[in-house]
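Here the structure comes first, spelled out in structure tokens, and everything after it is commentary.
Every heavy atom of this structure was used, including side-chain atoms; hydrogens, water molecules and symmetry mates were not.
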Amino acid sequence: MTHLWVRAEQRPNEERVGITPDGVRALIAKGFAVTVEESGTRAIPIDGYRAAGAQIAAAESWPDAPRDAIIFGLKELPEDGTPLVHRHIMFGHAYKGQPAGQRLLARFRAGGGTLYDLEYLTDQDGRRVAAFGYWAGYAGAAVALKCWIAQQQGGVCGPVSTYPSSSALLADLQTQLVGLGTHRPRAMVIGALGRVGTGATDLCTAMGVAVTQWDMAETAHGGPFPEVLEHEIFLNCILARPGTPVFVPASATDAPRALCVIGDIACDPDSDFSPVKVYDRTTDWAAPALRVHDTPPLDVTAIDNLPSLLPVESSEDYAAQLLPSLLTLDTLDTGVWGRAKTHFNDHIGKAQT
């Protein structure tokens, strides 16, 4: 029997989950066993999962799960170096040269487990079957706008926290903007036709921020891109990968520019292929803005779990996209899961050489 074990997220400021109670009910109806760990932070209460028929386990008990259980979470595991013996479904961030990713692959190699990376669940045409992209873009644009507002008030953006809904987020931003009168920044979104860029554009439009939308056609010449510096806010919605052009070179800090806030929503600063070269580390909820130049100011915001700013809406949307694939977990060697395992096998081999 296929056994899915939904673990509690262990990183701070992470309230999302990849399956809803309705999804659990659908898996059980197909004959799967489902265990859901308790969590003090998950946006969807445990009672719904219990009512759907899931077995309930203590938080963080997944290391003791049966060896044939498939462990399902979203964000990274604690970096304690222990060998990983199970099959894991999560965002591993392990295939682009990231140091933490190499350590993760070493743990799988030591334990004999397998990573089914959610970023690499793709259909036959190579398109991802499920993504948080829209809400990453939406929340990332919101945090970038908060950074710009803080600059107008002579400061640096303070801590951010979750919102119960997107309407509550919009209302909070509107309240902050009213105090600035009618002045609004101009934003450039690169990757505007994708899910991330669509979310970023929608947030900006809702807030009355003029948006220049660029995608592959506008960036095909490979750069340089002086137009980026002509906007107060730049929102990078392009995943770092081989061949990605540099949109913001290291020299941008000293160049003449209107640019004062970079929202690196794709957020891969330690990747070899990062298109934003003015910073080298992610930011977080407690300190969302990293000031990389003082006069004139240039702040970078690069939070790697942005959709958790809106945990209920982003979880429900993502879970609905992913459920059809979860329902095929009983055929792990084929389809989306087979393709994800091929990626893992390719990279675990490279990590050994």
Side-chain angles (χ1 to χ4, degrees), residues 2-14 16-19 34-39 41-42 57-122 128 130 132 239-241 266-274 280-282 284 302-305 308 318 322 325-326 329 332-333 336-353:
T2 301
H3 183 184
L4 184 68
W5 186 291
V6 182
R7 60 178 171 86
E9 298 295 330
Q10 293 177 251
R11 68 167 290 171
N13 304 116
E14 187 52 77
R16 292 174 295 166
V17 62
I19 189 168
V34 181
T35 299
V36 179
E37 291 186 358
E38 295 176 324
S39 170
T41 59
R42 188 183 293 127
E60 304 174 22
S61 59
W62 62 266
D64 298 320
R67 287 286 293 268
D68 63 352
I70 302 168
I71 312 301
F72 178 29
L74 294 178
K75 299 302 288 184
E76 66 270 20
L77 301 169
E79 285 200 55
D80 58 12
T82 56
L84 296 172
V85 301
H86 293 94
R87 296 167 292 179
H88 283 260
I89 301 170
M90 64 178 176
F91 288 104
H93 304 293
Y95 301 158
K96 299 176 185 175
Q98 303 97 319
Q102 298 308 298
R103 293 191 293 272
L104 177 67
L105 290 177
R107 294 172 65 188
F108 276 109
R109 189 165 60 250
T114 303
L115 169 64
Y116 294 89
D117 196 312
L118 288 164
E119 186 177 340
Y120 293 86
L121 296 187
T122 59
R128 289 176 63 179
F132 281 102
L239 285 173
R241 61 186 58 175
C267 194
D268 253 334
D270 57 354
S271 169
D272 296 337
F273 313 116
S274 173
D280 59 2
R281 60 190 183 275
T282 59
D284 57 32
I303 297 173
D304 65 2
N305 64 332
S308 203
Y318 184 80
L322 186 63
S325 297
L326 292 178
L329 279 172
L332 265 178
D333 292 331
V336 296
W337 305 108
R339 286 186 284 274
K341 187 175 182 180
T342 296
H343 277 288
F344 172 76
N345 288 339
D346 289 346
H347 286 85
I348 202 78
K350 292 176 183 177
Q352 288 180 289
T353 61

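In terms of heavy-atom proximity, Ser274 sits nearest to Asp268 at CB-O, 3.3 Å. The two residues Asn305 and Lys75 come nearest to each other via the heavy atoms CB-CE, 4.1 Å. Summarising the geometry of Glu60 relative to Glu37, their closest heavy-atom pair is N-OE1, 2.7 Å, with the distance given to 0.1 Å. Here the closest non-hydrogen pair linking Ala69 and Ala65 is CB-CB, 4.2 Å. The minimum heavy-atom distance linking Leu118 with Gly73 is given by the pair CD1-O, 3.8 Å. Heavy-atom minimum distance, Gly18 versus Leu326: O-CD1, 4.5 Å.
A side-chain donor-acceptor contact under 3.5 Å links Ser61 to the backbone of Ala58. Side-chain atoms of His86 come within 3.5 Å of backbone N or O of Pro66 as a donor-acceptor pair. Not one N or O on the side chain of Asp304 forms a donor-acceptor pair closer than 3.5 Å with the backbone of Cys267.
Using bins of under 30°, 30° to 60° and over 60° for the plane-to-plane angle, the ring pair His3/Trp5 lands in the tilted bin. Ring-plane geometry between His343 and Tyr120 is classed as tilted, the angle between the planes lying from 30 to 60 degrees on a 0 to 90 degree scale.
In this structure, the side chains of Phe72 and Leu329 stay at 4.5 Å or more apart for every pair of heavy atoms. A heavy-atom distance below 4.5 Å is found between the side chains of Asp80 and Arg107. Two residues are said to be in side-chain contact when any heavy atoms from C-beta on lie closer than 4.5 Å; Asp333 and Lys341 meet this criterion. Within the 4.5 Å cutoff, the side chain of Phe108 has no heavy atoms near those of the His347 side chain. You'll find the side chain of Leu84 reaches within 4.5 Å of the side chain of Leu104, heavy atoms only. Side-chain contact between Asp270 and Arg281 is absent, with no heavy atoms from C-beta onward closer than 4.5 Å. Counting only heavy atoms from C-beta outward, the side chains of Arg87 and Phe344 never approach each other to under 4.5 Å.
Of the inter-residue distances, the one linking Met90 atom CE with Asp117 atom CG reads 7.5 Å to the nearest 0.5 angstrom. To the nearest 0.5 Å, atoms CG (Leu74) and CD1 (Ile19) are separated by 11.0 Å. With rounding to the nearest 0.5 angstrom, the CD atom of Glu14 is 10.0 Å from the OG atom of Ser39. Expressed to the nearest 0.5 Å, how far CH2 of Trp337 lies from CD1 of Ile70 amounts to 7.5 Å. Atom OG1 of Thr41 sits about 12.0 Å away from atom CD of Glu38, to the nearest 0.5 Å. If you take CG on Leu239 and CD on Glu119, they are separated by 5.5 Å, rounding to the nearest 0.5 Å.
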Evaluate the side-chain contact (heavy atoms from CB on, under 4.5 Å) criterion for residues Glu9 and Arg42: first the C-alpha distance (whole Å), next the side-chain angles of each, then the deciding distance (0.1 Å), finally the verdict. CA-CA 8 Å; Glu9 298 295 330; Arg42 188 183 293 127; over 6 Å; no
Is there a side-chain contact (heavy atoms from CB on, under 4.5 Å) between Leu322 and Leu121? Walk through the geometry before answering. CA-CA 9 Å; Leu322 186 63; Leu121 296 187; 3.7 Å; yes
Could you go step by step and tell me if Tyr95 and Leu105 meet the side-chain contact (heavy atoms from CB on, under 4.5 Å) rule? CA-CA 9 Å; Tyr95 301 158; Leu105 290 177; 4.1 Å; yes
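For the pair Arg16 and Phe132, the cation-pi criterion (under 6.0 Å, within 45° of the ring axis) is fulfilled.
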